Amino acid sequence: MELCSEEAVKYVWEGAIPLQIHLHESEVTTLPPPPPILVLGSRIGYLPLLVPLIKPHFSSTLPPGTDSVWFDYKGLPLKWYIPIGVLFDLLCAEPERPWNLTVHFRGHPGDVLTPCEGEDSVKWSYINSLKEAAYIINGNCKNIMNMSQADQFELWQSLVKGNMDDFLRISSRLKLGPLGEDCMVRSGSSLVQPRQAIGEPDFTGSGRPCRIPVRLYVRNISEDLDDLEDAVPIDCWDRISYINRPVEIHKEEGRLSLKCAMKTLLPEIFLEESLVNNHEFSREGETVGADSSYGDSETIGGLRNAQAEEIPFPGQAHVQLLKKSKIKMIRIQGIELDMDIPFFWVVNNLKNPEYFLHICVFMGTSSDQSTIR
């Protein structure tokens, strides 16, 4: 299996979820109420970027007041800085098409959601995630900080417009991959050849270990559940565990599988065959808990320090819970992958444009066990 697949990356960029968006009944001021609007939401995009399409459809029925747009799914306010595809994979145990969401233009739940001030908020959230990923991969984010305004604008517009070719052309200058099975961070790819900046070090072939930005989203479902359609809907974000867990790979040769990676990312599940002590992987810094990937913990210029003092994970109660749990399903970009697939292929081809690999994990637990926290 080749390191980078243009076809796979293209599928990620072209992936979209059909959304049927309803206006919340409390904001309907006309009879009959407006019909829902059908739109395609890019998997790698963000809900606030759909507002220019949605607002004109409902504007004639909105009550007086200042817009503060937010979305919910079955009453759960949706976090706008999580990619649409990740939200869908995580919250719809059994994929729902179209995905029925509710839009609100009033009554923002400030106790649950960080305010979004439109596209600029989404842009800077994306740039900060890109900086964090660069710090994990290269040990610094200078290439992101030193981007020209024109390149930064073009990079963002390529994401907004879903233009993969423009994105690859600009992002290839950032020296963030692809990652090689020989544990080298390669500055070029089969997709695009980068333009080397004057005086900029070239890490190609340098043998630097691969450091991979990963975000895990862990959700519990009943271990006895036969039909995922019957999974209890998530009604509170406290029932989802976010684990921001950078991984450094030291292994010099050989293919590492997705299962091997998951043994390191969630070693508590594989205690009988854990790889933690054989140095194939190590975890540098990690944060755990609600919004841990996006909170305001130790930062570098608005960026989380990926090498900040490690927060102990898991706690004893967490370990005991995981010992009694098992992975029922793993989704990446909407795909339930074979656990033997090479991990480098997954990272290079299924990561999001901010260079994080988002993994949704469904854990089977007995009904008398509490949620992982």
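What you see below is based on every heavy atom in this structure, not just the backbone, and it leaves out hydrogens, waters and symmetry mates. The structure presented is a predicted model; accordingly, all values stated were derived computationally and were not measured.
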With a sphere of 6.0 Å drawn around CD of E25, does it hold more than 12 non-hydrogen atoms of other residues, nucleotides or ligands?
no
Rounded to the nearest 0.5 angstrom, the CD1-CE distance for I327 and M363 is 5.5 Å
Write down the atom of I341, the atom of W345, and the distance for their closest heavy-atom approach.
CD1-CE3, 3.7 Å
Say whether, by atom type as modelled, one donor and one acceptor occur between the side chain of R215 and the main chain of L357 under 3.5 angstrom.
no
Side-chain (R211) to main-chain (I136) donor-acceptor, under 3.5 angstrom:
yes
Assign the ring pair Y217 / Y242 to parallel, tilted or perpendicular, where the plane angle (0 to 90°) is split at 30° and 60°.
perpendicular
Show the nearest heavy-atom pair for residues H108 and S68, with the distance to one decimal.
CB-OG, 3.3 Å
About how many Å separate CD of E354 and CZ of F356, when rounded to the nearest 0.5 Å?
6.5 Å
Minimum side-chain heavy-atom gap T114-Y81 below 4.5 Å
yes
Could you tell me whether the side chain of L101 reaches within less than 4.5 Å of the side chain of L47, counting heavy atoms only?
yes
Is it true that a side-chain atom of W237 and a backbone atom of P77 form a donor plus acceptor pair closer than 3.5 Å?
yes
If two hydrophobic side chains count as joined below 4.5 Å and joins carry through other members, does L38 share a cluster with L49?
no
Separation of K328 NZ from T365 OG1 (nearest 0.5 Å):
9.5 Å
Same cluster for F343 and M339 if Ile/Leu/Val/Met/Phe/Trp/Tyr side chains link at under 4.5 Å?
yes
Can you check side-chain contact (heavy atoms from CB on, under 4.5 Å) on L228 and M329, steps first, answer last?
CA-CA 10 Å; L228 290 177; M329 181 174 61; 3.7 Å; yes
Pairing of K55 and D67 as salt bridge, 4.0 angstrom limit
yes
Go through S171 and L155 one step at a time and tell me if the side-chain contact (heavy atoms from CB on, under 4.5 Å) criterion holds.
CA-CA 7 Å; S171 65; L155 186 72; 4.1 Å; yes
N163 side-chain N/O to S158 backbone N/O, donor-acceptor pair under 3.5 Å
no
Are there over 12 heavy-atom neighbours, none belonging to Q157, within less than 6.0 Å of that residue's CD?
yes
Heavy-atom check, side chain of F71 versus side chain of T102, under 4.5 Å:
no
What do the steps show when you test H22 against H24 for side-chain contact (heavy atoms from CB on, under 4.5 Å), and what is the final call?
CA-CA 6 Å; H22 307 255; H24 193 266; over 6 Å; no
Determine whether I82 and V112 fall in the same hydrophobic cluster, where Ile, Leu, Val, Met, Phe, Trp and Tyr are linked whenever their side-chain heavy atoms lie under 4.5 Å apart.
yes
Sequence neighbours left out, what passes ring-ring contact (aromatic ring centres under 6.0 Å, His included) with W99? Give chain and number order.
Y73, F88
To the nearest 0.5 angstrom, please state how far the CD1 atom of I144 sits from the CG atom of L130.
4.0 Å
Under 3.5 Å, side chain of S129 to main-chain N/O of S125, donor-acceptor pair present?
yes
Using a 4.5 Å cut-off on heavy atoms from C-beta on, say whether the side chain of C4 contacts that of N349.
yes
Using a 4.5 Å cut-off on heavy atoms from C-beta on, say whether the side chain of L159 contacts that of I44.
yes
For V28 versus T30, what's the shortest heavy-atom pair and its separation?
CG1-O, 3.4 Å
Please report the closest heavy-atom contact between L50 and L40, naming both atoms and the distance.
CD2-O, 4.0 Å
Is the side chain of R331 donor-acceptor paired with the backbone N or O of V361 at a distance under 3.5 Å, no angle test?
no
Residue set satisfying ring-ring contact (aromatic ring centres under 6.0 Å, His included) with Y355, at least two apart, ordered chain then number -> none
Can you find a pair of side-chain heavy atoms, one from Y126 and one from P353, that are under 4.5 Å apart?
yes
Go through the steps for I359 and M262 under the test side-chain contact (heavy atoms from CB on, under 4.5 Å), then give the verdict.
CA-CA 10 Å; I359 304 177; M262 293 308 300; 4.2 Å; yes
Near-ring test W70/F105, centroid separation under 6.0 angstrom
no
Can you tell me how far OH of Y11 sits from OG of S5, rounded to the nearest 0.5 angstrom?
9.5 Å
Are any of the side-chain heavy atoms of I84 and R43 separated by less than 4.5 Å?
no
Test log, rule ring pair (Phe, Tyr, Trp, His ring centres under 6.0 Å), inputs W80 and Y46
CA-CA 6 Å; W80 56 266; Y46 303 87; 7.9 Å; no
Any chance the side chains of Q333 and D89 put a donor and an acceptor closer than 3.5 Å?
no
Are the side chain of S59 and the backbone of P56 linked by a donor-acceptor contact shorter than 3.5 Å?
yes
Could you tell me whether the side chains of E96 and N100 share a donor-acceptor contact shorter than 3.5 Å?
yes
I'd like to know if the side chain of S148 reaches the main chain of D151, judged simply by a donor and an acceptor atom lying under 3.5 Å from each other, with no hydrogens or angles considered.
yes
Compare every heavy atom of L19 with every heavy atom of P98, then report the nearest pair and how far apart it is.
CB-C, 4.3 Å
Please name all residues satisfying side chain to side chain contact (heavy atoms under 4.5 Å, CB included) with D235, sequence neighbours left out, ordered by chain then number.
R239
Under 3.5 Å, is there a donor-acceptor pair between the side chain of S172 and the main chain of R169?
yes
In this structure, CE of M147 is separated from NZ of K131 (nearest 0.5 Å) by 11.0 Å
So, does D227 use its side chain to make a donor-acceptor pair with the main chain of E229 at under 3.5 Å?
yes
Quick one: closest heavy-atom pair of G85 and I17, and the distance?
CA-CD1, 3.9 Å
Is it true that V232 and L78 fall in one hydrophobic cluster, defined by side-chain heavy atoms closer than 4.5 Å?
no
